[in-house]
Asker: 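Here it is, the structure, as structure tokens.
First listed ligand is number 1; within each ligand, the first listed atom is number 1. Here the structure is a predicted model, which means the values were calculated and not measured. These numbers come from the heavy atoms of this one structure, side chains and all, not from hydrogens, waters or symmetry mates.
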Amino acid sequence: MAYLLEVDAVTLRYKTPESIITATNKVSFNVNSGDRFVLLGPSGCGKSTLLKAVGGYLAPEEGEIRIKGKAVRKPGADRMMVFQEFDQLLPWKTVLENVMFPLLAARKMPRKEAQERARAYVEKVHLGQFADSYTHTLSGGMKQRVAIARGMSMEPDILLMDEPFAALDALTRRQMQDELLQLWEDTRFTVMFVTHSIAEAIRIGNRILLLSPHPGEVKAEVSDVESVADDAAAAAELEQEIHGLLFDPQGAHTE
Ligand SMILES: Nc1ncnc2c1ncn2[C@@H]1O[C@H](COP(=O)(O)OP(=O)(O)OP(=O)(O)O)[C@@H](O)[C@H]1O
């Protein structure tokens, strides 16, 4: 079976006038269609940088990233991003207009069609009553739902989520995780999700890629995450196991 996304020995570097920073070193992994693929690792291991590279915002120094077999060279409507920040929305537009915006700008569909599609996704994230509200009047969780609806309404090949719930309080975060899983049950989209919370990775993912600290390298992949869903004891055990893999200085290389 062909992979939806291939990240093939990718090294990513930032060059500043003073120094060269290697964010990831020869990272390889594949994502299948319908995966909830989680990148997990300590702060600074290059998770966000990898997501940006998949988004087409940063070119690999070595290696290649391919979507449906084609090398990624620039951003595209086939890869939509959802960020942690609440200010990723346009405050002078309503909820519905925010969701419509990329449909009109990038997909260039007729206004009526964009409006219908946007409304359907606004309903999906339970914001139907707030369709005409301005986004600055919404709570943090509601703003993140708008950002998710906006990403999903483009019906991308892959939704790229960079710690989308990290700035929310614990209860809202838990609720948003459940809602994301429900959305996934309904539509079976493909998502790549960055987090540094082991518990969140286990709740969200069906596969988890563990990255070592700076520069990020693949430590291991956990691919049977769903086997612990609905089993709190097994999830706690997996959490311990992942903690050990992430923080064991020897690592557990899978290559
Ligand atoms: N714009 C930039 N210019 C220079 N270095 C950067 C830039 N962005 C990130 N870095 C560096 O690249 C490395 C990886 O950063 P990145 O933000 O991808 O890590 P992360 O795993 O997402 O961390 P966190 O969980 O804290 O967000 C870090 O050493 C960071 O300092």
Side-chain angles (χ1 to χ4, degrees), residues 5-29 31 35-65 72-75 79-88 140 143-144 147-148 151 158-170 172-173 176-177 180 191-205 207-222 225 239 242-249 251-254:
L5 168 71
E6 294 162 280
V7 173
D8 186 4
V10 165
T11 298
L12 297 165
R13 291 201 178 96
Y14 291 101
K15 289 181 184 138
T16 67
E18 302 81 40
S19 60
I20 295 177
I21 297 150
T22 302
T24 69
N25 187 35
K26 296 191 172 65
V27 167
S28 295
F29 60 88
V31 177
D35 268 344
R36 302 186 310 277
F37 192 90
V38 177
L39 288 179
L40 175 69
S43 184
C45 73
K47 305 179 293 294
S48 297
T49 305
L50 263 171
L51 210 67
K52 269 189 239 164
V54 173
Y57 296 96
L58 188 78
E61 192 70 20
E62 291 170 25
E64 194 171 66
I65 300 174
V72 164
R73 307 233 183 270
K74 56 180 176 28
R79 287 151 284 138
M80 292 299 290
M81 303 266 273
V82 176
F83 299 97
Q84 175 181 340
E85 294 77 23
F86 298 150
D87 61 3
Q88 60 192 297
K143 284 180 185 168
Q144 290 312 78
I148 293 168
I158 187 164
L159 191 64
L160 307 173
M161 305 185 89
D162 193 357
E163 305 228 26
F165 309 144
L168 300 170
D169 64 84
T172 312
R173 184 172 186 163
M176 295 293 292
Q177 291 165 349
L180 185 70
V191 59
M192 197 166 142
F193 191 104
V194 162
T195 184
H196 58 253
S197 157
I198 301 177
E200 183 166 71
I202 293 173
R203 282 183 60 77
I204 295 289
R207 295 168 63 198
I208 304 175
L209 192 78
L210 310 186
L211 294 171
S212 65
H214 183 69
E217 291 182 358
V218 174
K219 267 210 154 172
E221 185 186 321
V222 184
V225 188
E239 198 168 328
I242 290 177
H243 191 274
L245 286 168
L246 276 177
F247 298 104
D248 168 12
H253 287 273
T254 50

Asker: Going by the order shown, which atoms of ligand 1 are within less than 4.0 Å of some heavy atom of Pro42?
Answerer: 21 (O)
Asker: Applying a heavy-atom cut-off of 4.0 Å, say which part of His196 lies close to ligand 1: side chain, backbone, both or neither.
Answerer: side chain
Asker: Is there a protein heavy atom at a distance of less than 4.0 Å from atom 31 (O) of ligand 1?
Answerer: no
Asker: For the residue pair Thr195 / Glu200, report whether a side-chain donor-acceptor contact shorter than 3.5 Å exists.
Answerer: yes
Asker: Short list, please: which atoms of ligand 1 are under 4.0 Å from a heavy atom of Glu163?
Answerer: 25 (O)
Asker: Return the closest protein heavy atom for atom 6 (C) of ligand 1 as residue, atom name and distance.
Answerer: Tyr14 CD1, 3.2 Å
Asker: Nearest protein heavy-atom contact for atom 26 (O) of ligand 1: which residue, which atom, what distance?
Answerer: Ser43 OG, 2.5 Å
Asker: Could you report the tightest heavy-atom contact between Ala23 and Thr49, atom names first, then the distance?
Answerer: CB-CG2, 3.8 Å
Asker: Is it true that atom NE2 of His196 has more than 12 heavy atoms of other residues, nucleotides or ligands lying nearer than 6.0 Å?
Answerer: no
Asker: Name the option, out of Thr49, Val194, Leu211, that contains the heavy atom nearest to atom 16 (P) of ligand 1.
Answerer: Thr49
Asker: Closest by any non-hydrogen atom to atom 22 (O) of ligand 1: pick that one out of Pro215, Gly216, Ser48.
Answerer: Ser48
Asker: How far does CG of Leu246 sit from CD1 of Ile208, to the nearest 0.5 angstrom?
Answerer: 9.5 Å
Asker: For atom 19 (O) of ligand 1, what is the closest protein heavy atom, and at what distance to 0.1 Å?
Answerer: Gly46 N, 3.2 Å
Asker: Salt bridge check: are Lys26 and Glu62 linked by an N-O gap of less than 4.0 Å?
Answerer: yes
Asker: Strictly below 4.0 Å, N to O, side chains only: are Lys15 and Glu61 in salt-bridge contact?
Answerer: yes
Asker: Judged on heavy-atom distance to atom 21 (O) of ligand 1, which of Lys47, Lys15, Lys52 sits nearest?
Answerer: Lys47
Asker: Taking atom types as modelled, is there a side-chain donor on Ser19 or Tyr14 under 3.5 Å from an acceptor on the other?
Answerer: no
Asker: Looking only at distances, can you tell me whether any N or O atom of Gly44, backbone or side chain, sits closer than 3.5 Å to an N or O atom of ligand 1?
Answerer: yes
Asker: Regarding Asp169 and Thr172, do their side chains bring together a donor and an acceptor under 3.5 Å, going by distance alone?
Answerer: yes
